[in-house]
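Single-structure report; data block below.
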Amino acid sequence: MERVIRSNNLKKAAFLSCLNTSTATLSEAKQAHTHVIKEGLSSQTRIATKLLSIYANHQCFTDAYSLLCRIPEPDILSFASLINACSKFDRFSDALKVFVRMLGRSVFPDARILPTAIKACAGLSALELGRQVHAFGVTSGLMLDSFVESSLVHMYVKCDELNYARKVLARMSEPDVASCSALASGYAKKGDVGNANVLIREMEKQGIQPNLISWNGMISGFNQSGAFSEAIGVFKVMHSGGFKCDGVSLSCALAAVGDLEDLIVGVQIHGCVIKLGFRSDKYVVSSLLDMYGKCGCASDIIPVFEEIDHKDVGACNALIASLSRAGMVAEAVKTFKQCQEQGIELDVVSWTSLIAGCMQNGNDIEAVDLFREMQVAGIEPNYVTIPCLLTACASIAALAHGKAAHCFSLKRGFSDDLYVCSALIDMYANCGRIQAARRCFDWEPSRNLVCWNAMISGYAMHGRVKEAIDIFHLMQSSGHKPDFVSFTSVLSACSQRGLVEEGKRFFSSMSADFGIKPRMEHYACMVSLLGRTGKLEESYSLIKDMPFAPDACVWGALLSSCRVHQNTRLGKVAANALFELEPNNSGNYILLSNIYAAKGKWNEVHKVRDMMKSIGIRKNPGCSWIEVKNKVHTLLAGDSSHPQMKQILEKVNKLSMEMKMAGYLPDTKFVLQDVEELEEREHILCGHSEKLAIVFGILNTNPGTSLTVMKNLRICGDCHTSIKFISSFEEREILVRDTNRFHHFKDGMCSCEDLW
DNA sequence: ATAGGGTTAG
């Protein structure tokens, strides 16, 4: 019997000495494991603990956990090995599960395991659990350990309970650097400059020298609260105090400089990077590229990028984002492809940057295509990708893609994210689905101002002024102060419906009650509101009284109203101002010539057209889109290359015959070409792109399906009349979004009540 | 077996 025990002890010793926890590979561990079972040593606490910790360090948590459960008498080290490994790989809830199991097995925690348990609470932002562990620390006397104390300070900071963190710090007999700097960086993260500085001074008074972690924590904390100049300030103090910074300090400082667009300081920090030898630190490299990009040197950084030896994804991403931001989408796409070819594994950030770049530069279709490619490439979109895609869907009214993105975010559990939510509201509103937008709005548990504004502007776009104003008031009673965007939306709603008195009241209340100075867009809304209701003189005097020079939107609003009310005198004034501001915008010339044409002043029409010719500008081609069977189809006026064009035109002609028989007369004053022949003019009317898109929709969808069409210009009066007819003749609900608003055609009527 | 700092996308 004694011999058996002795030989077992020998085997045990042999095992313990030959397996090194930190260097053992997974296959070595598995081999050893089988051996241990064969030798009947698996119930030995030390051996099993060693094995489980190797498993855990290879992230084989289930194997490790089942090993732990099979140890008859696990000690604190058995639990600690697994808890620490879980926490190392951010598996905080697993770490806590093991911790709770440990307590259940009546193994008493010590001061070495408590910080990890507290860290897990912090990682999960589990304040209640953290408090319980804190209470345990107090009753057990383990609170006297400085590691336990500083991890508690950190936990409270992470859970946004700075007052608790402060209390813990105040009760410490000997506050240390770690605890002080954790709280200081907590204040920095809140943008609380005052308290952060007070704490630093306190530290100095008590003779506690800040270390590298303290400095870096402050810089990164200020970055997180958007206090970039404070961050740079800390960096400068650190630097001038002779404190040697590292890659962390440099990458944080560069990020701050990028957001401040301070090229001079950026170049200085670049100098530090070279001098201190951090040129190959991947974090430093990407924030360096990002900094130059944000400081307006996007094109200069391509050669810099090419010289980098080890191109990391982060560096690629910074370059792609910088190029996109600078409007160089083609270059961004090129860089993206080159990185792919070089075998760099591009990630969500890379794809999202490119999608965002396309979306921000008007390449919305490309953005939607990229989103699909991304999924084919096996990259999961996240809570940043989705709002980018949704914004692209909104501008091209790609409802099917937008809905798919909505489903995706529901499945992934980030449909409540505020960016996602406001983008959803915007997408549905822009795709003509105002009720769906409202549902997303109602579902959001913690709406922010952006959500409220998206909802108001959605209603405004649909001409639903009552709802827009209701939401505007509801927003205030829910404790949100309207900002300039809210006022733009509510004023534009008033303008859609011609509510002069309400509009005027909002306009004056904006500065009087909310201290918001009217901006250009507010004036544009007022000019359009007054103009639309025929108060052209009042509209013009508002422009003359503006405290700053009116832009093209303001003059454009006046010019449009002059067309509606056929005022040649003011129309000329507005047009002349516009010719100065944007000489190449064909729309302005066309509006003016329309005003003349409507009054039969053909001489003047010719003059305007000659002017266009002499400057060499052409009419901006009308273009409409419609989504049919998950695909966005574009239709151009007079585009003979479209495969279904013959069929479409036949149907258009058939419809106009029906229309004539029903007693509708084509409104030829909307024809832009100065064709004298009436029949010819009618023929041109047939070709307006919105009509083509609607007929395309009728031909390619089942009877009764509602159609949603988008147009890049304002809808013309003749199309408006025709579409009203088509909606009743074909028994279809038709939604048309032009540059101004939505028109909802149903049973021969339009939601704008012919006021637009 | 212990706590504390980093870049790039909306």
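Residue numbers begin at 1 in each chain, while the letters A, B, ... track the order of the sequences. Since the structure is predicted, the reported quantities are computational estimates derived from the model, not experimental observations.
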Measure from [atom1] on [X] to [atom2] on [N] and round the result to the nearest Å.
X: Trp351(A); N: dG10(B); atom1: CH2; atom2: C1'; answer: 18 Å
X: Phe305(A); N: dT7(B); atom1: CZ; atom2: P; answer: 19 Å
X: Asn361(A); N: dA9(B); atom1: CG; atom2: C1'; answer: 14 Å
X: Asn211(A); N: dG4(B); atom1: CG; atom2: P; answer: 13 Å
X: Phe371(A); N: dA9(B); atom1: CZ; atom2: P; answer: 19 Å
X: Asp259(A); N: dA9(B); atom1: CG; atom2: C1'; answer: 13 Å

Could you work out, with salt bridge (charged side-chain N to carboxylate O under 4.0 Å, His left out) as the rule, every residue matching [X], not counting sequence neighbours?
X: Arg325(A); answer: Asp290(A)
X: Glu380(A); answer: Arg412(A)
X: Arg131(A); answer: Glu128(A)

Are there over 12 heavy-atom neighbours, none belonging to Lys311(A), within less than 6.0 Å of that residue's NZ?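 It does: Lys311(A) NZ has more than 12 such atoms within range.
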Flag yes if more than 12 heavy atoms outside Gln206(A) fall under 6.0 Å of its CD atom; otherwise flag no.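 Yes, the 6.0 Å shell around CD holds more than 12 heavy atoms from other groups.
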Taking the side chain of [X] as heavy atoms from C-beta outward, which of [options] is closest to it?
X: Arg112(A); options: dA9(B), dG10(B), dT2(B); answer: dT2(B)
X: Ser220(A); options: dA9(B), dG6(B), dG4(B); answer: dG6(B)
X: Pro115(A); options: dA3(B), dA1(B), dG10(B); answer: dA3(B)

Contact under 4.0 Å: Gln224(A) side-chain N or O vs dG5(B) OP1/OP2: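 So the side chain of Gln224(A) is outside the cut-off, no N or O lying under 4.0 Å from OP1 or OP2 of dG5(B).
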Does His154(A) make a side-chain N or O approach to OP1 or OP2 of dA3(B) shorter than 4.0 Å?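 No, His154(A) has no side-chain N/O under 4.0 Å of OP1/OP2 on dA3(B).
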Just grab all the ring-ring contact (aromatic ring centres under 6.0 Å, His included) pairs involving residues 266-299 of chain A, residues at least two apart or on different chains.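 Passing the test, one end in residues 266-299 of chain A: His270(A)-Tyr292(A).
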Pairs where residues 216-237 of chain A contributes a residue and the test ring-ring contact (aromatic ring centres under 6.0 Å, His included) is met, not counting sequence neighbours: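 Every ring-ring contact (aromatic ring centres under 6.0 Å, His included) pair that includes a residue of residues 216-237 of chain A, provided the two are not neighbours, is Phe235(A)-His239(A).
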Using a 4.0 Å heavy-atom cut-off, does [X] contact any base of the nucleic acid, only the sugar-phosphate backbone, or nothing at all?
X: Asp312(A); result: nothing
X: Asn382(A); result: base
X: Tyr383(A); result: base
X: Leu212(A); result: base
X: Glu149(A); result: nothing
X: Asn57(A); result: nothing
X: Ala85(A); result: nothing
X: Ala178(A); result: base

Without hydrogens or angle criteria, can the side chains of Asn195(A) and Lys190(A) be said to hold a donor-acceptor pair below 3.5 Å?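 Lys190(A) and Asn195(A) do not have a side-chain donor-acceptor pair below 3.5 Å.
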Looking only at side chains, do Ser78(A) and Thr49(A) share a donor and an acceptor under 3.5 Å apart?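 Looking only at side-chain atoms, Thr49(A) and Ser78(A) do form a donor-acceptor pair, the distance falling under 3.5 Å.
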Any residue of [range] with a heavy atom less than 4.0 Å from an atom of DNA chain B:
range: residues 116-126 of chain A; result: Thr116(A), Lys119(A)
range: residues 276-285 of chain A; result: Asp281(A), Tyr283(A), Val284(A)
range: residues 241-252 of chain A; result: Asp246(A), Gly247(A), Val248(A), Ser251(A), Cys252(A)

Test of understanding: with ring pair (Phe, Tyr, Trp, His ring centres under 6.0 Å), list the residues that count as partners of His58(A), not counting sequence neighbours.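 So His58(A) forms no ring pair (Phe, Tyr, Trp, His ring centres under 6.0 Å) with any residue.
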Under the side-chain hydrogen bond (donor to acceptor under 3.5 Å, both in side chains) rule, what pairs show up with a residue in residues 272-282 of chain A, not counting sequence neighbours?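 Found none.
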Is there a donor on the side chain of Ser150(A) or the base of dA3(B) sitting less than 3.5 Å from an acceptor on the other?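 Check passes, donor-acceptor contact within cut-off.
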Between the base of dT7(B) and the side chain of Ser287(A), is there any donor-acceptor pair under 3.5 Å?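 Looking at the base of dT7(B), it does not pair with any donor or acceptor on the side chain of Ser287(A) (distance under 3.5 Å).
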Can you list everything that forms a side chain to side chain donor-acceptor pair (under 3.5 Å) with Asp426(A)? Sequence neighbours excluded, please.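 Residues passing side chain to side chain donor-acceptor pair (under 3.5 Å) with Asp426(A): Asn430(A).
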For Ser249(A), give me all partners under side chain to side chain donor-acceptor pair (under 3.5 Å), at least two apart in sequence or on another chain.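 Here the qualifying residues are Asn216(A), Asp246(A).
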